[in-house]
Amino acid sequence: MSTPNPQQRGVQFDELLSFEISKEGRSSASLPVTTSSKKIPSQLKRTQPARLPQLSELEAIRHFTRLSQWNFSIDTNFYPLGSCTMKYNPRINEEVARYTGFSHVHPLQPVSTIQGCLQLMFELEKYLAEIAGLDAVTLQPAAGAHGELTGVLVMRAFLKAQGNPRKKILVPDSAHGTNPATCSMAEYDVVQLRTGPDGRVPASAVAKAMSDDVAGLMMTNPNTLGLFEKEIKEICDIVHSKGGLVYGDGANMNALLGQARPGDLGIDMIHYNLHKTFTTPHGGGGPGSGPLAVKKHLEKFLPIPRVIQKSDGTYDLEYNRADSIGRVRAFQGNFAMMVRAYTYIREMGPEGLKKATELAVLNANYIKAQLKDYYHLPFGEGTMHEVIFSDKKFKETHVTTLDIAKRLMDYGFHSPTIYFPLVVFGALMMEPTETESKEELDRYCAAMIEIAKEATTNPDLVKKAPHNTRMRRLDEAKAARELKLRYQF
Ligand SMILES: *Cc1c(COP(=O)(O)O)cnc(C)c1O
């Protein structure tokens, strides 16, 4: 395999960080002489010069360009990080987000001057509601986990209005860690549901755990094993019959777009991760956005302000809503991400989104078919947009999931998600997304197959990996214990 490793580029510049190459008096700025008569008050002035590296413009450019090349990104290589939906971020999103009407506005401007922005938010809410089969959306939450918290606070407000907020929430053992964390943040106790032998939550388990004390259920569908929860309708009926609500974790919507709608399945609310499903930058690339979609009867609890359209067709922000849980974030949320997601939805259209999902599922199944003879596959049937393997086959040579993940870097690929979901021991969770070509998937599978062979014939090679990267295997315990969060002189 001769895939070039992006992390190798710039190796020889390791020591050339900006402070080290700083030279007294060198500068990349030529500021005009001020013509203003206003002087900075002396008490606001620095007493000592700022400790900044002194570099020429070219040196500064090289520094930042080098740093960007040391990063691994979707723009350079395949990034099958399961559950994170690391798909291509189309450049048209960036172009639209940079329109001055969107990028040169201030959240405190009078609403009459930001009508276009409000219209975009209003329409995006409508699209997201339609895609989910739900009725109302708030765009305020800044990430998936934040959308979850907003949703569970809405759940609490709804039940409180009925007389009793209740005490517990049911969460399957395959759930993302943010689900139980969200419950705790909203002051609910978590009751864990065991995954059944087919990788799904049995309705009977929900029936057994559901009581008048349970506020509801948080469920990801397809779940984090990439499997569709077949009994979802029955499960929703059980929860509703006891007066509870069903929260859908929408992080896996890349498996459902245009195919099935959570609202139609009986789910009361879901969050989206615009930075996963709707192609806004992700993983160091920008802030997230986690809109929450709800059924009609929950709308009045959504955060304020709400974007509304008045009878004369203009848009406004409405604050006066007695039942709202209040604000969950400053201003309107991460607006530039809304512009990108809106652009993506308009660019794709309903048919495009539907097709994207079909290809995402096809790609995961293609990987499954290629790798199933080489890696242990705990759940063989019903794979949707991601597939989970484990390191079980390499017990004898003691090659682990972590070793496989490190060795993949030598071949130029980002690792899959490892050791998650927790219900699969030594999990390797692969989500190719729809934006990869067959050739790229073939290269990835060839590397994975090569590593599986190495794990039996030359286990040391895998256990000592990575060999070709800028940094070798890191001492994670040392890094955690002696945390360095800023540059030290
Ligand atoms: C990513 C993810 C989350 C959390 O979303 P963030 O945007 O990272 O806060 C929750 N659940 C699942 C299944 C996820 O994959």
Side-chain angles (χ1 to χ4, degrees), residues 74 79-87 89 128 132 138-153 169-186 190 192-193 195 199-201 217-229 232 246-257 262 267 269-293 328-329 333-334 337-338 340-341 360 364 384-388 414-424 427-433:
I74 187 69
Y79 207 135
L81 194 67
S83 209
C84 294
T85 313
M86 304 303 289
K87 55 163 107 169
N89 303 158
L128 293 176
T138 173
L139 301 171
Q140 225 177 80
H146 198 194
E148 289 174 30
L149 180 63
T150 307
V152 174
L153 291 176
I169 293 183
L170 311 180
V171 182
D173 55 5
S174 64
H176 195 270
T178 50
N179 290 186
T182 293
C183 297
S184 294
M185 289 276 288
V190 175
Q192 205 176 67
L193 297 177
T195 297
R200 296 167 177 90
V201 175
L217 163 72
M218 287 186 95
M219 198 170 216
T220 315
N221 198 12
N223 64 28
T224 61
L225 294 163
L227 307 174
F228 191 78
E229 293 285 357
I232 184 70
V246 179
Y247 183 96
D249 178 332
N252 290 344
M253 277 304 283
N254 215 42
L256 296 187
L257 294 179
I267 290 166
M269 50 178 145
I270 67 153
H271 77 260
Y272 287 101
N273 304 61
L274 297 189
H275 45 288
K276 294 180 181 172
T277 317
F278 295 96
T279 65
T280 76
H282 183 186
S289 183
L292 175 74
V328 295
R329 198 182 181 283
N334 287 330
M337 297 304 141
M338 299 169 202
R340 290 175 172 91
M384 293 192 67
H385 69 307
E386 58 196 4
V387 57
I388 286 80
H414 195 281
S415 163
T417 292
I418 58 172
Y419 299 109
F420 174 76
L422 303 177
V423 289
V424 172
L428 283 151
M429 181 197 215
M430 305 169 191
E431 180 183 11
T433 83

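A quick note: this is a predicted structure, and the numbers were derived from the prediction, not measured. Just so you know, ligand 1 is whichever comes first in the structure, and atom 1 is the first atom listed for that ligand.
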In terms of side-chain heavy atoms, does Asn223 have a donor or acceptor partner in Glu229 at a distance below 3.5 Å?
-> yes
Using modelled atom types only, decide if a donor and an acceptor are shared between the side chain of Tyr247 and the backbone of Asn179 within a distance under 3.5 Å.
-> no
When you check the side-chain N and O atoms of Glu431 and Ser83, is any donor under 3.5 Å from an acceptor?
-> no
What is the distance from atom CZ of Arg329 to atom CG of Asn334, rounded to the nearest 0.5 Å?
-> 4.0 Å
Within the heavy-atom cut-off of under 4.0 Å, ligand 1 is lined by Ser83, Ala143, Gly144, Ala145, Glu148, His176, Thr178, Asp249, Ala251, Asn273, His275, Lys276
Gap separating the CG atom of Leu225 from the CE atom of Met429, nearest 0.5 angstrom | 7.0 Å
From His271 NE2 over to Thr178 OG1, what is the distance, rounded to the nearest 0.5 angstrom?
-> 6.5 Å
